[in-house]
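Each chain gets a letter, A, B and so on, in the order the sequences are listed, and its residues count up from 1. Reckoned from all heavy atoms, side chains included, excluding hydrogens, waters and symmetry mates.
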There are 2 protein chains.
Amino acid sequence: MLRISKMTDYATVLLARLAAAPERQLTAAQLSAVTHLAAPTVSKVLKQLHRRGLVSSTLGLRGGYRLARPAAQITAAQILDALEGPMALIECASHSHQCSIESTCGVGRAWQRVNLAIHRSLQEITLVELAGLGGEPVRFAALERALRGGRAERA
Amino acid sequence: MLRISKMTDYATVLLARLAAAPERQLTAAQLSAVTHLAAPTVSKVLKQLHRRGLVSSTLGLRGGYRLARPAAQITAAQILDALEGPMALIECASHSHQCSIESTCGVGRAWQRVNLAIHRSLQEITLVELAGLGGEPVRFAALERALRGGRAERA
DNA sequence: TGATATAGGACTAAACTAGTCCTATATCAG
DNA sequence: CTGATATAGGACTAGTTTAGTCCTATATCA
Ligand code: FES
Ligand code: FES
């Protein structure tokens, strides 16, 4: 359904760790140790996150990583986009009209709107929620409110 | 992001065709002709849809497929589930605690809740909307209302 | 100067997807 | 009864994607 690749999950784990200690600067090795993820993998993910501007880094001895901005300003959508590209919606319409049946279809567009709606929802979920740092564990109030509004709340 | 496989898209296209002529019974060959999808592929998708109970079929000469129930009772979530399995959420927690870092993580659960919220939203979108048969083109009111509720409507 | 870190990218193995094809079975016309 | 038409099921292949490792270059500082 919503397929989150392992790498994206790892990214979230690492970002959550960094978010938990915003003042410190952690090395890839430290993050590997504390998360029990393989060092090369951690390194790879962090480099990707750095490329996409979610973390900032310091080179050399005493180097390391830290969040590029407060956790509240990092959204689930940004994490997804950083690790999995702009967003792999329905394949048909993604790269300039590759689909041979586009004319008779009309369905692709509908799926894309679903995708867009989801993407916008994910922009409301921040690293604070994902990392469980806020008071509430995770709060998808916005998304869930929609369901209750559109259909009678059950029980 | 939300990765819909081609097969799922094809399924939607085929279901939309069937929904457009609920009284008729169409063969795989006819559907292939009208959608311009390769015959073997159409066949494969229809068989899968039959297995999952979304279409009913008649064997033999003058056989064919038709919707198993009214389009309004077939949801996007059902289509997704039929083609892509129960729902491939975050890989970690999907198959009984495979993840080695589950204890230190806590993030998987957050993603899963996101996934669940999306899944529930998709239960409110029916084939009628996907096929563009209703008066309105597609109506993700529920999902979009959430965004407007959580954040000031722009423009 | 050398130890420590990140940066970037090449590379491999495994998993998944898309798509085709083959065989079996049900239905019905003649 | 026989043969043509359709679906049912599943095996199989090729292509793509993902996960993960490894190597080389560069920056920092004791
Ligand atoms: S646009 Fe490609 S199947 Fe709909
Ligand atoms: S449970 Fe596996 S990474 Fe979180």
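- Rounded to an integer number of Å, the gap from NE2 of H50(A) to P of dA5(C) is 17 Å.
- Of the candidate nucleotides dT6(C), dG20(D), dT7(D), dT6(C) has the atom nearest to the side chain of A28(A).
- For the OP1/OP2 pair of dA6(D) and a distance below 4.0 Å, the side-chain nitrogens and oxygens of R62(B) include no atom meeting the criterion.
- Between S57(B) and dA8(D) there is a side-chain polar atom (N or O) within less than 4.0 angstrom of OP1 or OP2.
- Base pairing annotation: dT17(D) forms a Watson-Crick or G-U wobble pair with dA14(C), both donor-acceptor distances under 3.5 Å.
- The base-pairing partner of dA30(D), taking Watson-Crick or G-U wobble contacts with both distances under 3.5 Å, is dT1(C).
- Here the side chain of T12(B) pairs a donor or acceptor atom with the backbone of T8(B) at under 3.5 angstrom.
- Heavy atoms of T58(B) sit under 4.0 angstrom from primed sugar atoms or phosphate atoms, though from no base atom.
- Contacts of A29(B) with the nucleic acid, taken as non-hydrogen atoms under 4.0 Å apart, are absent.
- Counting non-hydrogen atoms of other residues, nucleotides and ligands closer than 6.0 Å to CZ of R69(B) gives a total above 12.
- Between L59(A) and M7(A), the residue anchored nearer the 5' end of DNA chain D, judged by the nucleotide with its closest heavy atom, is M7(A).
- Straight-line distance from the CG atom of L31(B) to the C1' atom of dT7(D): 13 Å, rounded to whole Å.
- Looking at Q78(A) and L127(A), their side chains never come closer than 4.5 Å, going by heavy atoms from C-beta outward.
- Summarising the geometry, the separation between CD on Q48(B) and P on dG9(D) is reported as 10 Å, rounded to the nearest angstrom.
- Taking atom NZ on K44(A) and atom C1' on dA5(C), their separation rounds to 19 Å, with Å as the unit.
- Distance L61(B) CG to dT7(D) C1': 12 Å, rounded to the nearest Å.
- Between dT4(C) and T27(A), no contact under 4.0 Å exists linking OP1 or OP2 to a side-chain N or O.
- Distance CD1 (I4(A)) to P (dT17(D)): 20 Å, rounded to an integer number of Å.
- With distances taken from any side-chain atom of R51(B) to the nucleotides dT7(D), dT6(C), dG9(D), the minimum falls on dG9(D).
- Across the protein-nucleic acid pair, K47(A) atom NZ and dT26(D) atom P stand 15 Å apart, rounded to whole Å.
- Of the side-chain N and O atoms in Y65(A), one or more sit less than 4.0 angstrom from OP1 or OP2 of dA7(C).
- Nucleotide dG30(C) has dC1(D) as its partner under the Watson-Crick or G-U criteria, with both atom distances under 3.5 Å.
- Here Y10(A) reaches the OP1 or OP2 of dG20(D): one of its side-chain N or O atoms lies under 4.0 Å away.
- Distance R52(B) CZ to dT7(D) P: 20 Å, rounded to the nearest Å.
- The two atoms that bring Q48(B) and R51(B) nearest to each other are OE1-NH1, 2.9 Å, heavy atoms only.
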Under the criterion side chain to side chain contact (heavy atoms under 4.5 Å, CB included), I'd like the reasoning laid out for L18(A) against L31(A): C-alpha separation, chi angles, the key distance, then a yes or no. CA-CA 9 Å; L18(A) 291 173; L31(A) 284 167; 4.2 Å; yes
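- The partner of dC23(D) is dG8(C), by the rule that a Watson-Crick or G-U pair needs both atom distances under 3.5 Å.
- For the side chain to side chain contact (heavy atoms under 4.5 Å, CB included) criterion with D81(B), the lone passing option out of Q123(B), R52(B), H119(B) is H119(B).
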